[in-house]
Amino acid sequence: MTSFSLGDTDFLRDGRPHQVISGAIHYFRVHPDQWQDRIRKARLMGLNTIETYVAWNAHEPRRGEWDASGWNDLGRFLDLIHAEGLDAIVRPGPYICAEWHNGGLPVWLTGGTGGLRSSAPEYLVEVSAYLRRVYDIVAPRQIDRGGPVVLVQIENEYGAYGSDAAYLETLVTVTREAGITVPLTTVDQPVDRMLTNGSLPGLHKTGSFGSRSTERLATLRRHQPTGPLMCSEFWDGWFDWWGGVHHTTDVATAAADLDALLAAGASVNIYMFHGGTNFALTNGANDKGRYLPLVTSYDYDAPLDEAGNPTEKFFAFRDVIARHAPVPDELPASATPAPALEVPLVAGGAWTTTAGSAEPTADPETFDALGHQSALMRYDVDLPHRNGGVLLVDELRDLGWVSVDGRAVGTISRTRHDRAIRIPGGRTLSILVEDQGRVNYDHRLGEEKGLIGAVTLDGAPLSGWRCTPLDVAAIAAGIGTDAVADAEATTSGDGPTAWTAEFELDARADLFLDTASWSKGYAFVNGFFLGRYWRNGPQRTLYVPAPATVAGTNRLVVLELEQLIERRAAFVPSPSLGATEE
């Protein structure tokens, strides 16, 4: 069997110096039928290794319901990497950040367990059980057992969050006891405090950065005096948030920084090689004083774009790698335009008016208290008088549409720091609240969603709330099969309305669904949950992976929360991810 170890200055593969040239692909962001294609293209760019996080909340969205099949088949993903002749790096967290909802931690964990990312006993019990399940998959696939896995990471940029050495020591113990024998690493930004707090003497420190490679490596070397230097997150792009711009990085500058890394003899993991997509409701959010939910696309301006096509950056990086390592002669096929077509949308009725079944509660219940993991909750309460007034919410997470007796009043928004609105008189107040994405970074991990705290009208608390969870995927699946009420909404299209369309394809194909003439909502093709759209931009198209389509008749369902500008669905030849900064 092949051996992989740490030398005085290099990684050693069967005792010989080896430079890791890796790229990140998150299996949970890519349709499983497309894994092999993305991995093969990594080899064609010159990579010798693929890195992936493991998303705990994808594998165990509800306590005790572990799933390692289909989209979560980490073992198959690693086997495909091995079949392509590449090595693998596994980063199981348990916290991964990754701009992924809740930083990869399950909602049931963060909502009910204290001491996140620490040595708190109740947290360690859950984390240890999770890691053992992951290592049941990873351990047999290590390089010294004939598999592809050469490195396993402990935690993730922990120095930016805490300094609990006992926590890291427990993770190491669990990892080793589970049979992981390959070298263990940590990663932190090249800042003295983070590199000191985020690792242990027995772990190999690596850095995360995207520029000034020589300077960053010097900082890393001060903290890791011996062994191979490695940038295990070389940021070659960036992520986008709703209301922002589409982020790109200069190709020549990124290539030059990569060249500096490789010329210095450092190993590298390009983050991302292929970003993929935050399908369904998996986008994260940042909040550093202003809450910013992330868009559905995770294109990341990576060498492979969201649809898996090589970009200018792919070829620039390939040229750089060729100066330092062998690169295959074969090139991936260039992108071809996706099928373009347009079909009318047919109204399917109101979809947020489901009657609630729960008993009224004094205060609004959170999503978490009700175990609700979809995007929406409707809160209804009887108004004590009919004179209207100023409605004030202690805290809203994250966006709320306010109506009285079915008439829209306006919105309140966490991002806008907007918690108050004047409402007219009436009998019943309704607030439809959207969880726009769980914060994936820093100390807001695990915060509850919904209406938080008291809700008052002219200073008087409102009581007797009826809280109705709305599962958008289940609702979409029922459109056209269940009776949908409210004929007026069906014909006018005002307020939350479902829309459907059928379209024909000669063969399965990647598609780009144009959402520019819609407002805000969720889209599905043949039951596959594409994700969120929003006129707030920058993203204007949703990626439809070819395996979600069929030759023949395909069905589109759109759950619109506000109104359509045009009642049509268009598929366009190429993606539109928004304006960039000059």
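The first residue of the sequence shown is numbered 1, and numbering continues consecutively from there.
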Ignoring hydrogens and angles, tell me if any N or O in the side chain of [X] forms a donor-acceptor pair with the backbone of [Y] under 3.5 Å.
X: Glu233; Y: Gly207; result: no
X: Thr186; Y: Ile154; result: no
X: Ser163; Y: Asn197; result: no
X: Arg318; Y: Pro328; result: yes
X: Gln142; Y: Thr181; result: yes
X: Asn48; Y: Val20; result: no
X: Arg221; Y: Gln224; result: yes
X: Asn526; Y: Ala548; result: yes
X: Thr277; Y: Phe279; result: no
X: Arg508; Y: Thr549; result: yes

Roughly how far apart are [X] [atom1] and [Y] [atom2], rounded to 0.5 Å?
X: Ser118; Y: Tyr161; atom1: OG; atom2: OH; value: 7.5 Å
X: Trp35; Y: Glu84; atom1: CH2; atom2: CD; value: 15.0 Å
X: His204; Y: Thr206; atom1: NE2; atom2: OG1; value: 7.0 Å
X: Tyr27; Y: Ile81; atom1: OH; atom2: CD1; value: 10.5 Å
X: Ser232; Y: Asn269; atom1: OG; atom2: CG; value: 6.5 Å
X: Ser5; Y: Asp144; atom1: OG; atom2: CG; value: 10.5 Å

Side chains of [X] and [Y] in contact at under 4.5 Å (non-hydrogen atoms):
X: Val90; Y: Leu78; result: yes
X: Asp257; Y: Ser213; result: yes
X: Thr52; Y: His26; result: yes
X: His223; Y: Asp188; result: no
X: Asn286; Y: Tyr441; result: yes
X: Asp192; Y: Arg222; result: yes
X: Lys205; Y: Leu203; result: no
X: Gln373; Y: Arg62; result: yes

Please give me the minimum heavy-atom distance between [X] and [Y], naming the atom from each residue.
X: Leu281; Y: Ala375; result: CD1-N, 3.7 Å
X: Val320; Y: Ala255; result: CG2-O, 3.6 Å
X: Thr541; Y: Ser576; result: OG1-N, 2.9 Å
X: Trp66; Y: Glu60; result: CE3-CB, 3.9 Å
X: Gly114; Y: Ala120; result: O-CB, 4.1 Å
X: Val149; Y: Val182; result: O-CG1, 3.4 Å

Between [X] and [Y], do the side chains contain an N or O donor and an N or O acceptor separated by less than 3.5 Å?
X: Ser297; Y: Glu306; result: yes
X: Ser119; Y: Asp164; result: yes
X: Asn72; Y: His59; result: no
X: Glu99; Y: Tyr298; result: yes
X: Thr248; Y: Asp301; result: no
X: Tyr167; Y: Glu155; result: yes

Between [X] and [Y], is the gap from one ring center to the other below 6.0 Å?
X: His247; Y: Trp241; result: yes
X: Phe273; Y: Phe317; result: no
X: Tyr300; Y: Tyr271; result: yes

Please indicate whether [X] has more than 12 foreign heavy atoms, meaning atoms of other residues, nucleotides or ligands, lying under 6.0 Å from its [atom1].
X: Glu215; atom1: CD; answer: yes
X: Asp8; atom1: CG; answer: no
X: Gln36; atom1: CD; answer: no

> Could you walk me through whether Ser208 and Glu157 pass the side chain to side chain donor-acceptor pair (under 3.5 Å) check?
Replying inline: CA-CA 8 Å; Ser208 55; Glu157 291 191 327; 2.6 Å; yes
Salt bridge present between [X] and [Y] (N-O < 4.0 angstrom):
X: Asp259; Y: Arg323; answer: yes
X: Arg141; Y: Asp79; answer: yes
X: Asp136; Y: Arg132; answer: no

> Please walk me through it: do His31 and Phe528 pass side chain to side chain contact (heavy atoms under 4.5 Å, CB included)?
Replying inline: CA-CA 11 Å; His31 195 291; Phe528 181 82; 4.2 Å; yes
> What is the ring orientation for Tyr543 with Phe512, classed by angle as parallel under 30°, tilted 30 to 60°, or perpendicular over 60°?
Replying inline: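 Tilted: the ring planes of Tyr543 and Phe512 meet at 30° to 60°.
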>> For Leu86 and Thr49: C-alpha separation, side-chain torsions, deciding distance, then whether side chain to side chain contact (heavy atoms under 4.5 Å, CB included) applies.
In response: CA-CA 5 Å; Leu86 304 179; Thr49 307; 5.9 Å; no
> Going through the checks in order, is the side chain to side chain contact (heavy atoms under 4.5 Å, CB included) test met by Lys313 and Thr249?
Replying inline: CA-CA 9 Å; Lys313 194 172 288 182; Thr249 57; 2.6 Å; yes
>> Could you go through Trp100 and Thr282, starting from their C-alpha distance and side-chain angles, then the distance that decides it, and tell me whether this counts as side chain to side chain contact (heavy atoms under 4.5 Å, CB included)?
In response: CA-CA 6 Å; Trp100 183 257; Thr282 56; 3.4 Å; yes
